[in-house]
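Working notes, beginning with the structure itself.
Every chain is numbered from 1, with letters handed out A, B, ... down the list of sequences.
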Protein chains: 2
Amino acid sequence: MRKRCNVVELLARGQVASTVHRVGVLKVISRSPKAIAPRSLLQEIRKTTPIDKVTLYRILDLFVAKKILRRMTGQKGTMCYEVMCEKHNPQHPHFVCRTCGDMECLEGIDISDVKQRLRHTRYIEEEAIDLKLEGVCGKCRTKKSFKKKGNPV
Amino acid sequence: MRKRCNVVELLARGQVASTVHRVGVLKVISRSPKAIAPRSLLQEIRKTTPIDKVTLYRILDLFVAKKILRRMTGQKGTMCYEVMCEKHNPQHPHFVCRTCGDMECLEGIDISDVKQRLRHTRYIEEEAIDLKLEGVCGKCRTKKSFKKKGNPV
DNA sequence: AATTTTATTGCAACTTAGTTGCATTGTGTT
DNA sequence: AACACAATGCAACTAAGTTGCAATAAAATT
Ligand SMILES: [Mn+2]
Ligand SMILES: [Mn+2]
Ligand SMILES: [Zn+2]
Ligand SMILES: [Zn+2]
């Protein structure tokens, strides 16, 4: 997501009061080129402002509830977050590397029809869709430590 | 998954030696009507045989590596497992309830075309697909504790 | 059969993500 | 200032999953 959303607008849209921490969290997430986990998020934010992890988790929960952020499961079940903005960051599937845990946004792939289809096939009121591919990323595939084990090229 | 896979066949297919614990784990999973988490799995297995959680986790990892089981992320990032058998339990999306955490298999919905599409759009060697919907399940929707909060009906 | 080797399991201790309760601080209002 | 209430911090906790190593079981050699 190169074109960044306006942080103030996002907060307004969710009717969430603006605070130093909230703005800080949102800034870091909206600048990240890919979905980001609380761990990295803490590291980044703390470069400028001290913040407790509990505060971060609470802000993240709030943002997800207010539809300012999308939450998805990354590697091993740790959560990842990205800005929820149809304009600058429309819904898209993700790729997670089994080996290094890296998550890649598969942007530009429309999956709205998948949503439609699932909604109509069963009587379900879904609110979020989490479409994820798992495999081994390019980097890991070329590492000799990986090749050595007789894995498929 | 009503029609159960043959446990012995599954082990043979994955070239995995048969042990009491492995058979036990596989039996419970293959009898479960829905994807099951290690926690419930332990409970079930222990009704007949004592087993350490480490053993269970190791068996699960092994089975996933050998493609005997599919692993997917359930609620909050806890993992869930189901038998990987195209015949008796073909790949399908899942629905996870935001409130109670219950996971439902959306069987009978073919998503092979989604796989195809993703594979061809980007140069990715994916090995597994995890397509998940999140929302509030029927049970939770009708609970008064849920309605009271002014949630949409 | 006895011995050696290898695979599987159990135990204890640890790591890490996320949560809960409560005290403290900040912010806006009268 | 005094009050109300929202946001934050701190400490302690829960729960999933992992790691190292010892104990046991199974398989292979002798
Ligand atoms: Mn993304
Ligand atoms: Mn399923
Ligand atoms: Zn990788
Ligand atoms: Zn539910």
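Side-chain atoms of S30(B) come within 3.5 Å of backbone atoms of K27(B) as a donor-acceptor pair (strictly under, hydrogens ignored). Here the side chain of S32(A) pairs no donor or acceptor atom with the backbone of A35(A) at under 3.5 angstrom.
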Quiz: residues 37-48 of chain A side-chain donor-acceptor pairs under 3.5 angstrom, not counting sequence neighbours:
from, atom 1, to, atom 2, distance (Å)
E44(A), OE2, K47(A), NZ, 2.9
R46(A), NE, I51(A), O, 2.9
R46(A), NH2, I51(A), O, 2.7
T48(A), OG1, I45(A), O, 3.1

Considering only distance and modelled atom types, tabulate donor-acceptor pairs under 3.5 Å from the side chains of residues 61-70 of chain A, sequence neighbours left out.
from, atom 1, to, atom 2, distance (Å)
D61(A), OD1, R71(A), NH1, 3.2
R70(A), NE, E82(A), OE2, 3.2
R70(A), NH2, N89(A), O, 2.3

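Residues meeting the salt bridge (Lys or Arg N to Asp or Glu O under 4.0 Å) test with D110(A), sequence neighbours left out: none. With sequence neighbours excluded, the residues satisfying ring pair (Phe, Tyr, Trp, His ring centres under 6.0 Å) with H94(A) are H92(A).
Side-chain contact check for V25(B) versus I29(B): some heavy-atom pair is nearer than 4.5 Å. The shortest side-chain heavy-atom distance between L106(B) and I109(B) falls under the 4.5 Å cut-off.
Look at CG on L41(A): it is 11 Å from P on dG18(C), rounded to the nearest Å.
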Annotated protein contacts, base or backbone, on nucleotides 4-23 of chain D with a non-hydrogen cut-off under 4.0 Å, one of B, S, - each: ---SBBBB----SBBBB---
Reading 5' to 3' through nucleotides 25-30 of chain C, protein heavy-atom contacts under 4.0 Å coded B for base, S for sugar-phosphate only, - for none: ------
